[in-house]
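Following: one structure in structure tokens, then a few remarks.
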Amino acid sequence: MSELKLHILGCYSATPRAFTNPTAQALEIKNHIFLIDCGEGTQVQLRKQKIKFSRIKHIFISHLHGDHFFGLPGLLSTFRLLGRDTPLHVYGPKGIKEAVTMMLKVGSAWTNYPLLFHELSSSNSELIFEDEKVEVYTIPLFHRVYTNGFLFKEKLGDRKLDINAVLNYNIDTCYYQNIKKGKDITLDNGEVIPNGKLTSDPVKPKSYAFCSDTSYNRSIVPIIENTTLLYHESTFLEEHANLATQTGHSTAKQAATIALDANVERLILGHYSTRYGNINEFKQEAKLVFDNVELAEDGKEFLF
């Protein structure tokens, strides 16, 4: 059974504090480690959670506010100091290449490894990464600057071989891979064995949607529908909904409403404003709308 792991490196809004960090996450999925946003202190958090820098080959930046990407130039510089030689792909809004490369060049710290930028500007959801096991789509969000969330989806795997059935028909092992791909088999006597008699359905693919920062935005519901795990910002509680509207953010209640409408399995709240002393209030508010709610906390891991 596939298992995805989400590492919360930072989950608070605006500025770093002594015990809280701005947004950054690492998602382990199908032998990838994808870094999602890179606020200040991200590389320290990566070390604390023992995530190998060398395994990070793709970084996704939601938008160009400092609490979501100011840690990126430092991390890229550290990769250079560690002798990295494998390519690194950075996906982010148009302008990220100019912002990051200028900092590296003026400090004579340009990378000695291939650094490839994929700048985004579309207002529609688009496929930005794909291999044989994973797809990554943008989730257009509503914020004060151009912003995307990201949807990470496992591809449907091979069908599961019913070994007893295969042996019963005396099928040679050289056909096993074709059977797992869904093909019927023709025996030497001409009899066709339907694939359904030889296999069972594959494991249901899992998916993760990352939505930060954004105001309440129902247009994302069709994109994230039936997602296994949704992270949705909840900067404010409903009592400060006017501030959420003014700043392009969401309340815990609004995040829960999106989760309910999209029929996701689990919701994680984060990007809390530091004006609140007890983040459990966010969970309490969200659970009035959507039951399966959890709170992001720096250093916490989620398996799904």
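Quantities reported herein were computed from a predicted structural model and do not represent experimental measurements.
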Open item on the list: Aromatic contact between Tyr276 and Phe282, with the criterion being ring centroids under 6.0 Å apart: yes or no?
Closed with: yes
When rounded to the nearest 0.5 angstrom, what is the spacing between [atom1] in [X] and [atom2] in [Y]?
| X | Y | atom1 | atom2 | value |
| --- | --- | --- | --- | --- |
| His118 | Leu120 | NE2 | CG | 9.5 Å |
| Phe142 | His249 | CZ | NE2 | 15.5 Å |
| Thr86 | Ile56 | OG1 | CD1 | 10.5 Å |
| Ile139 | Asn124 | CD1 | CG | 13.5 Å |
| Leu229 | Ile224 | CG | CD1 | 11.0 Å |

I'd like to know if the side chain of [X] and the backbone of [Y] have a donor-acceptor N/O pair within less than 3.5 Å.
| X | Y | result |
| --- | --- | --- |
| Tyr208 | Thr227 | no |
| Ser215 | Thr245 | no |
| Ser77 | Pro73 | no |
| Asp67 | Pro22 | no |
| Asp37 | Gln25 | no |
| Asp162 | Thr199 | no |
| Thr23 | His68 | no |
| Gln49 | Ile8 | yes |
| Asp85 | Asn112 | no |
| Gln43 | Gly71 | no |

Could you check Phe152, Phe117, Phe150, Phe129 and say which one makes a ring-ring contact (aromatic ring centres under 6.0 Å, His included) with His58?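 Option passing the ring-ring contact (aromatic ring centres under 6.0 Å, His included) with His58: Phe129.
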Linking I/L/V/M/F/W/Y whenever any side-chain heavy atoms sit under 4.5 Å apart, do [X] and [Y] land together?
| X | Y | result |
| --- | --- | --- |
| Ile268 | Leu151 | no |
| Ile36 | Ile61 | no |
| Leu4 | Phe210 | yes |

Using a 4.5 Å cut-off on heavy atoms from C-beta on, say whether the side chain of [Y] contacts that of [X].
| X | Y | value |
| --- | --- | --- |
| Ile51 | Leu9 | yes |
| Leu75 | Ile59 | yes |
| Ile163 | Tyr176 | yes |
| Lys253 | Leu288 | no |
| Ser13 | Asp213 | no |
| Arg144 | Thr247 | yes |
| Leu46 | His7 | no |
| Phe53 | Leu82 | yes |

Do other residues, nucleotides or ligands put more than 12 heavy atoms under 6.0 Å from the [atom1] atom of [X]?
| X | atom1 | result |
| --- | --- | --- |
| Lys97 | NZ | no |
| Glu225 | CD | yes |
| Asn280 | CG | yes |

Between Ala26 and Ile33, the two heavy atoms sitting closest are CB-CG2, 4.2 Å
Sorted by chain and number, sequence neighbours left out, salt bridge (Lys or Arg N to Asp or Glu O under 4.0 Å) with Asp131 holds for none
Sequence neighbours excluded, the answer for salt bridge (Lys or Arg N to Asp or Glu O under 4.0 Å) partners of Arg159 is Asp201
Task: NZ/NE/NH1/NH2 to OD/OE distance under 4.0 Å, Lys155 and Glu130 - done: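 The answer is yes: the pair qualifies as a salt bridge.
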- [ ] For the residue pair Glu238 and Thr251, confirm or rule out a side-chain donor-acceptor distance under 3.5 Å.
- [x] yes
